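To keep things clear, I will list the structure first and then write my remarks on it.
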Number of protein chains: 2
Amino acid sequence: MPRHLISKLEQFTRLSVSDKQALETAAGEKRRRIGPREDIIREGDDPAFVNLILDGWACRYKQLEDGRRQIISFFLPGDLCDTHIYVLREMDHSIGALTPVTYAEISRETLARVTAEHPRITQALWWDTLVAAAIQREWTVNLGQRTAAERLGHLLCEIFIRLRGVGLTEGHSCVLPVTQADLGDAMGLSNVHINRTLQELRGSGLIVLKGRQLTIPSLAALQAASLFNPNYLHLDRVGRHLDANDQAGDGTD
Amino acid sequence: MPRHLISKLEQFTRLSVSDKQALETAAGEKRRRIGPREDIIREGDDPAFVNLILDGWACRYKQLEDGRRQIISFFLPGDLCDTHIYVLREMDHSIGALTPVTYAEISRETLARVTAEHPRITQALWWDTLVAAAIQREWTVNLGQRTAAERLGHLLCEIFIRLRGVGLTEGHSCVLPVTQADLGDAMGLSNVHINRTLQELRGSGLIVLKGRQLTIPSLAALQAASLFNPNYLHLDRVGRHLDANDQAGDGTD
DNA sequence: CGACGTTTTGAAGCTGATCAATCTTTGTGG
DNA sequence: CCACAAAGATTGATCAGCTTCAAAACGTCG
């Protein structure tokens with residue numbers, strides 16, 4: 001069932017049948033389901049598990065004393081929250097659902113066992129962690145330098161490509177199941193301005209957005225308009241040399 | 001000589017004499033010195049080493065096609081660039097010096113050896129990595145939600161506390177060796193507005209800034225004004241239980 | 001149908017950007 | 001030790017992008 005995670009990791013390296021089974025087992029241990037606006041974990045809590053999003057969208061966020069909320073990152077299906085979080089004593093931010101979410105709680109011990117026995121998974125999780133850090137850096141650039149239209153366009157490019165990596169796009173389309181207010185909290189813009197900026201992107205034909213269905217007629221055009229350079233997602237199959245080949249037939253499915 | 005790194009890590013766990021010697025040796029292998037505005041590594045380069053800043057200030061940054069520059073994070077003495085960066089094939093950002101900088105290049109092999117032989121160092125580096133990620137997240141909040149004055153005040157709190165952790169403060173003062181334009185590139189503000197915001201902070205008595213000498217008369221007051229919550233720096237000695245105690249006298253110096 | 005959440009629109013106001021000039025500091029060479 | 005150059009800090013004036021507030025339209029679901 002953690003097929004999205006597997007798809008994602010296979011962008012980096014090919015996994016053997018046994019690798020996939022190990023992930024399967026780990027993700028099956030403890031499964032939970034929550035509704036939108038519910039929290040998976042809160043600032044101040046002791047992080048006991050690594051959470052794996054199986055379905056739905058969640059986010060990291062932080063709320064200032066006066067109510068301002070910043071969404072720090074989006075969690076899409078297949079995303080894993082910090083694999084070493086248990087080194088720290090308490091959460092410095094919260095993780096909450098934006099849509100109905102199904103996720104797996106993976107214990108520290110399980111994760112340790114899986115990585116000890118499956119070096120390719122270890123490598124792939126490293127890659128995933130580094131890409132997550134790169135995305136966070138890119139958001140810094142996004143918030144610091146880009147205009148509203150560039151910023152939003154950039155986000156949509158990123159989301160589309162990430163969803164494609166986990167098999168959740170269809171042609172030029174994908175879902176965008178969050179409210180405009182959520183997008184605003186993520187981009188540091190008011191919901192009103194998000195609305196106007198979306199209209200601007202629609203007006204210039206860069207996106208088609210009907211309800212929760214997003215279509216990007218030309219990803220290249222949206223990328224160009226948003227100064228989007230996909231290099232930070234590191235989709236260049238760096239880990240080719242780690243492709244599983246220890247058993248005939250492995251990794252071909 | 002990597003005394004700043006050692007100071008920093010000892011905020012998390014106590015290190016034995018042998019731990020410190022290992023860091024000493026690793027940091028001594030290859031030392032380099034560069035001037036301000038020179039790069040340590042550039043976007044597109046193949047990351048061969050982990051860089052340890054021994055002296056001076058550097059930064060991660062990214063430059064957009066049209067020249068806009070965002071400083072993504074500051075590297076202070078004792079800071080280590082991503083310890084697992086070699087998993088990726090090429091840098092998605094650059095690292096450059098803001099002042100004259102001395103740094104050590106640590107090879108992948110050396111780092112692997114040190115961590116294999118020194119579990120406390122491994123743990124401490126994990127803590128360091130997670131704190132670095134938390135800082136990046138906090139910058140996202142900073143850029144997305146805080147006003148110019150809050151943003152700048154927040155940054156100054158963070159820098160002061162980080163410098164204090166590596167023994168580079170004196171009483172309520174520390175150096176601030178970067179230009180206002182650099183601060184602007186880091187905070188997503190124009191240099192003009194940085195200037196005016198600094199004057200505002202000076203005017204309200206929250207900071208004293210003469211040349212490159214920064215004094216924060218009341219850190220608590222600046223924190224309050226900037227909505228600064230230090231929890232994300234995880235300075236609560238989480239790793240107490242890992243304190244080195246395998247040899248009498250260890251860790252007490 | 002009615003209610004609630006979400007999107008859309010309009011108008012007014014503020015924060016911070018831009019541009020351009022001046023002042024100050026630092027560093028360098030004579 | 002002074003003169004000069006270059007970098008950085010400061011100031012003023014104008015402008016643009018985005019926020020805020022408020023209301024209306026739209027959708028969706030019990």
Side-chain angles (χ1 to χ4, degrees), chain A residues 35-38 57 64 66-71 97-100 142-155 175-204 207-214 225-226, chain B residues 35-38 57 64 66-71 97-100 142-156 175-203 207-214 225-226:
Chain A
R37 291 168 210 285
E38 287 185 63
W57 287 31
L64 300 187
D66 62 3
R68 281 176 273 176
R69 177 178 80 143
Q70 176 68 36
I71 289 181
L98 295 169
T99 70
N142 217 12
L143 291 170
Q145 299 299 328
R146 283 185 253 260
T147 65
E150 290 165 352
R151 207 182 290 184
L152 198 45
H154 192 282
L155 177 69
V175 291
L176 187 68
V178 297
T179 67
Q180 295 184 3
D182 289 332
L183 291 175
D185 285 348
M187 297 287 93
L189 297 167
S190 67
N191 57 345
V192 173
H193 202 61
I194 288 286
N195 184 279
R196 291 180 170 132
T197 306
L198 283 172
Q199 289 179 48
E200 185 186 333
L201 293 177
R202 275 193 276 235
S204 47
I207 65 169
V208 179
L209 183 59
K210 285 198 197 99
R212 326 239 98 161
Q213 175 87 355
L214 169 70
S226 312
Chain B
R37 290 166 211 286
E38 287 185 63
W57 287 32
L64 300 187
D66 62 3
R68 281 175 274 175
R69 176 178 81 143
Q70 176 69 34
I71 290 181
L98 295 169
T99 69
N142 217 11
L143 291 170
Q145 298 299 328
R146 283 184 252 259
T147 66
E150 290 165 354
R151 207 182 289 184
L152 198 45
H154 192 282
L155 176 69
L156 297 179
V175 291
L176 188 69
V178 297
T179 67
Q180 295 184 2
D182 289 333
L183 292 174
D185 285 348
M187 296 289 93
L189 297 166
S190 67
N191 57 347
V192 173
H193 203 62
I194 288 286
N195 184 280
R196 290 179 170 132
T197 306
L198 283 172
Q199 289 178 49
E200 186 186 333
L201 292 177
R202 275 192 277 235
I207 66 168
V208 179
L209 183 59
K210 285 199 197 99
R212 328 237 95 161
Q213 176 86 356
L214 169 70
S226 312

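None of these values were measured; they are calculated from a predicted model. First the proteins, then the strands, lettered A, B, ... as listed; each starts at 1.
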For the residue pair B/L64 and A/Q145, what are the closest heavy atoms and their distance?
CD1-CB, 4.2 Å
Has A/Q213 got a side-chain atom pairing as donor or acceptor with A/K210's backbone, closer than 3.5 angstrom?
no
Would you say C/dT7 has OP1 or OP2 under 4.0 Å from some side-chain N or O of A/N195?
no
Pick out the pairs of N or O atoms, protein on one side and nucleotides 14-19 of chain D on the other, that lie under 3.5 Å.
residue: D/dC18; atom: OP1; partner: A/A148; partner atom: N; Å: 3.1
residue: D/dC18; atom: OP2; partner: A/H193; partner atom: NE2; Å: 3.1
residue: D/dC18; atom: O5'; partner: A/H193; partner atom: NE2; Å: 3.3
residue: D/dT19; atom: OP1; partner: A/S190; partner atom: N; Å: 2.9
residue: D/dT19; atom: OP2; partner: A/S190; partner atom: N; Å: 3.1
residue: D/dT19; atom: OP2; partner: A/S190; partner atom: OG; Å: 2.8

Please give the angle, rounded to 10 degrees, between the axes at the start and the end of the helix from C/dC1-D/dG30 to C/dG30-D/dC1, where five pairs define each axis.
40°
Could you state the atom-to-atom distance from CZ of A/R68 to C1' of D/dT20 in whole Å?
14 Å
Take atom CG of A/D185 and atom C1' of C/dT6, then tell me their distance rounded to the nearest Å.
14 Å
Just wondering, do A/V192 and A/R196 contact through their side chains at under 4.5 Å, heavy atoms?
yes
Tell me every residue that passes salt bridge (Lys or Arg N to Asp or Glu O under 4.0 Å) with B/R146, counting only those two or more places apart in sequence or in another chain.
B/E138
Does C/dT8 have OP1 or OP2 under 4.0 Å away from a side-chain N or O of A/R202?
yes
Using side-chain contact (heavy atoms from CB on, under 4.5 Å) as the criterion, list what pairs up with B/A225, not counting sequence neighbours.
B/L206
Could you state the CG-C1' distance from B/L209 to D/dG8, rounded to the nearest angstrom?
13 Å
So which protein N/O to nucleotides 22-25 of chain C N/O distances come out below 3.5 Å?
none

Where the side chain of B/R37 is concerned, which of D/dA7, D/dT10, C/dT7 is the nearest nucleotide?
D/dA7
Is the backbone N or O of A/A186 less than 3.5 Å from a side-chain atom of A/Q70, with the two atoms forming a donor-acceptor pair by type?
yes
Provide the full list of salt bridge (Lys or Arg N to Asp or Glu O under 4.0 Å) pairs with a residue in residues 179-195 of chain A, sequence neighbours left out, each pair given once.
A/R69-A/D182, A/R69-A/D185
Note: A/W57 and A/V175 closest approach over all heavy atoms is CZ2-O, 3.9 Å
Within-4.5 Å side-chain heavy-atom neighbours: A/L198 and A/L209:
yes
Send over the distance from A/Q180 CD to D/dC26 C1', rounded to a whole Å.
12 Å
Round to a whole Å and report the spacing from CG of B/L183 to C1' of D/dA9.
12 Å
Does the side chain of A/L189 come within less than 4.5 Å of A/R151's, by heavy atoms?
yes
Can you find a side chain N or O atom of A/Q199 that sits less than 4.0 Å from OP1 or OP2 on C/dT9?
yes
Looking just at side-chain N and O atoms, do A/Q180 and A/N191 make a donor-acceptor pair shorter than 3.5 Å?
no
d(CZ, A/R212; P, D/dC29) in whole Å:
10 Å
